[in-house]
Amino acid sequence: MRVLVLGSGAREHAIVHALRRSNGVSEVFAAPGNPGIAQAADLLPVVADDLPGVAEAASDLRIDLTIVGPELPLVLGIGEEFERRGLRLFGPSRDAAEIEASKVFAKEFCQRHGIPTGDAVVVRNRDEAAAAAHKIGLPAVFKADGLAAGKGVLIVRTKDDLEEALDAFFVQRRFGDAGDKVLVEECLVGNEVSYMVISDGSEVVPIATSHDYKRAGDGDEGPNTGGMGAHSPALVIPPGTSRLILDTIVRPTIEGMAAEGREYRGVLYVGLMMTTAGPQVLEFNCRFGDPETQAILLRLDDNLAEIARDAADGALDTRTLEWRKEAVACVVLASKGYPAGPRKGDEITGVDEALALPGVTVYHAGTRSEGGRLLTAGGRVLSVCGRGATLLEALEVAYGGVHKIQFDGMWYRSDIGRDTLRTLGSSDGRP
Ligand code: AMP
Ligand code: GLY
């Protein structure tokens with residue numbers, strides 16, 4: 001099978017890496033990729049959201065399967081573009097990707113289908129937002145309707161936060177058109193879990209659980225980011241919860257989308273809060289999570305290419321995926337100024353030293369190579385992953401790798417997994 005991966009982040013590097021371990025995959029291409037991906041795939045000089053460009057490349061290169069990493073090509077309709085040309089794509093259609101593209105659609109969809117989620121009001125201006133915050137009560141969560149790279153969410157705890165949020169959304173218009181409609185949502189309390197499945201439109205195959213660290217600072221302080229680290233499995237999910245999530249959230253979502261003429265094929269990512277009233281939906285994404293995927297796919301002991309092909313063909317059987325009984329931790333190294341305004345062009349050293357450590361994998365994201373040197377080229381620069389028999393061991397391995405790598409302005413969270421270990425008490429987190 002000749003496979004093309006779209007995107008240029010650490011998630012896509014992890015996907016390419018998993019494809020390289022899949023029997024039956026003869027060639028892997030990536031568009032546009034990055035210097036890390038270039039070591040495992042042939043790079044094509046096409047950006048992922050150039051839909052005709054990508055489709056032409058897939059056709060010219062006789063690609064059997066294209067896997068889409070980021071949401072933008074999906075939201076722009078790459079599914080429809082490939083379908084029109086008779087090309088096989090793993091990822092939902094534009095209509096199905098609406099579940100990520102519009103938080104208002106996702107919320108109203110949950111309400112229509114009785115899928116558990118926090119109460120929310122849709123508002124369009126400052127006065128409506130202030131009234132909604134009064135009705136919902138503080139703390140409340142303000143969410144821009146459209147895509148905002150994980151940054152369009154503000155948690156409003158105090159009256160000062162409320163003034164700031166009203167100002168950010170409706171005066172500064174910090175989220176542009178994505179903030180034309182805003183959800184004012186009840187603030188849910190509990191452990192946050194990322195739950196992903198692969199679906200072919202009707203069948204569902206669960207992917208291993210994971211926990212994502214979205215806030216910039218240790219102790220979950222600071223602004224939201226695209227994700228600063230992750231570990232898999234999530235470990236804090238009590239036994240039986242996976243079934244509960246499948247029965248009350250995932251299956252009703254896949255069935256509801258089909259019933260609304262938005263058949264869902266691809267990865268469905270559900271961000272959940274494990275509340276005392278059970279799991280509730282925070283958000284849906286229409287693709288693999290980043291950085292969760294970096295942690296998850298290292299545990300996959302199965303054939304990613306086959307499962308993606310079968311899902312794309314609507315021919316997923318009900319088999320389950322095989323996972324290694326080990327933990328993986330992922331720590332994201334970010335550049336100075338991320339998430340607000342990341343600096344670029346700093347030289348990165350030590351990646352090979354990190355890779356030489358047993359159990360360490362380094363996935364590239366915002367990097368570029370120039371004259372034999374590796375430079376930073378974005379906010380999230382590298383994902384450093386460690387494998388271990390327990391979460392504690394995986395974290396030690398991952399941070400061992402982190403300590404080998406350097407660039408000016410490099411920063412990272414030093415507490416990935418710590419909350420999970422605290423919740424587990426005396427256990428080291430053995431999957
Ligand atoms: P979202 O993009 O909707 O997942 O929001 C980003 C982050 O904000 C989530 O990962 C949560 O940590 C937090 N968040 C979103 N919605 C809520 C909510 N209703 N209650 C509490 N936290 C939330
Ligand atoms: N890590 C969250 C996301 O991929 O949206």
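Just so you know, ligand 1 is whichever comes first in the structure, and atom 1 is the first atom listed for that ligand.
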Applying the side chain to side chain contact (heavy atoms under 4.5 Å, CB included) criterion to Ser210, which one of Ile296, Leu235, Val328 satisfies it?
Ile296

Tested for side chain to side chain contact (heavy atoms under 4.5 Å, CB included) against Glu128, the lone hit among Val121, Val184, Val122, Val123 is Val123

Derivation of the salt bridge (charged side-chain N to carboxylate O under 4.0 Å, His left out) call for Asp290 and Arg380
CA-CA 10 Å; Asp290 184 348; Arg380 291 191 291 173; 3.7 Å; yes

Using heavy-atom distances, let me know which of [options] sits nearest [atom].
| atom | options | answer |
| --- | --- | --- |
| atom 7 (C) of ligand 1 | Asn224, Thr225, Asp119 | Asn224 |
| atom 13 (C) of ligand 1 | Val141, Val281, Thr275, Ile155 | Ile155 |
| atom 11 (C) of ligand 1 | Glu192, Glu283, Glu185 | Glu192 |
| atom 8 (O) of ligand 1 | Val153, Leu282, Asp220, Leu272 | Val153 |
| atom 3 (O) of ligand 1 | Glu100, Glu186, Lys107, Lys143 | Lys143 |

I'd like to know if Lys103 and Glu185 make a salt bridge, using a cut-off of under 4.0 Å between side-chain N and carboxylate O.
no

Are the side chain of [X] and the backbone of [Y] linked by a donor-acceptor contact shorter than 3.5 Å?
| X | Y | answer |
| --- | --- | --- |
| Arg11 | Gly7 | no |
| Arg20 | Ala40 | yes |
| Arg262 | Asp95 | yes |

Just distances here: any N/O of Met273 and N/O of ligand 1 closer than 3.5 Å?
no

[X] heavy atoms, cut-off 4.0 Å: which ligand 1 atoms fall inside?
| X | result |
| --- | --- |
| Lys103 | 1 (P), 2 (O), 3 (O) |
| Cys187 | 20 (N), 21 (C) |
| Lys214 | 10 (O) |

Can you confirm whether more than 12 heavy atoms, excluding those of Glu83, are under 6.0 Å from its CD atom?
no

Is the Phe288-Tyr269 ring centre distance short of 6.0 angstrom?
no

So is Gly271 close enough to ligand 1, meaning a heavy atom under 4.0 angstrom away?
no

Say whether Gln280 and ligand 1 are in contact under the criterion: heavy-atom distance to a ligand atom below 4.0 Å.
no

For the residue pair Asn34 and Ser8, confirm or rule out a side-chain donor-acceptor distance under 3.5 Å.
no

Is there a donor-acceptor contact under 3.5 Å linking the side chains of Asp167 and Gln172?
yes

Show the protein residues that qualify under the rule heavy atom under 4.0 Å from an atom of ligand 2, listing them in chain and number order.
Asp212, Lys214, Gly226, Tyr269, Asn285, Arg287, Gly289, Asp290, Pro291, Glu292

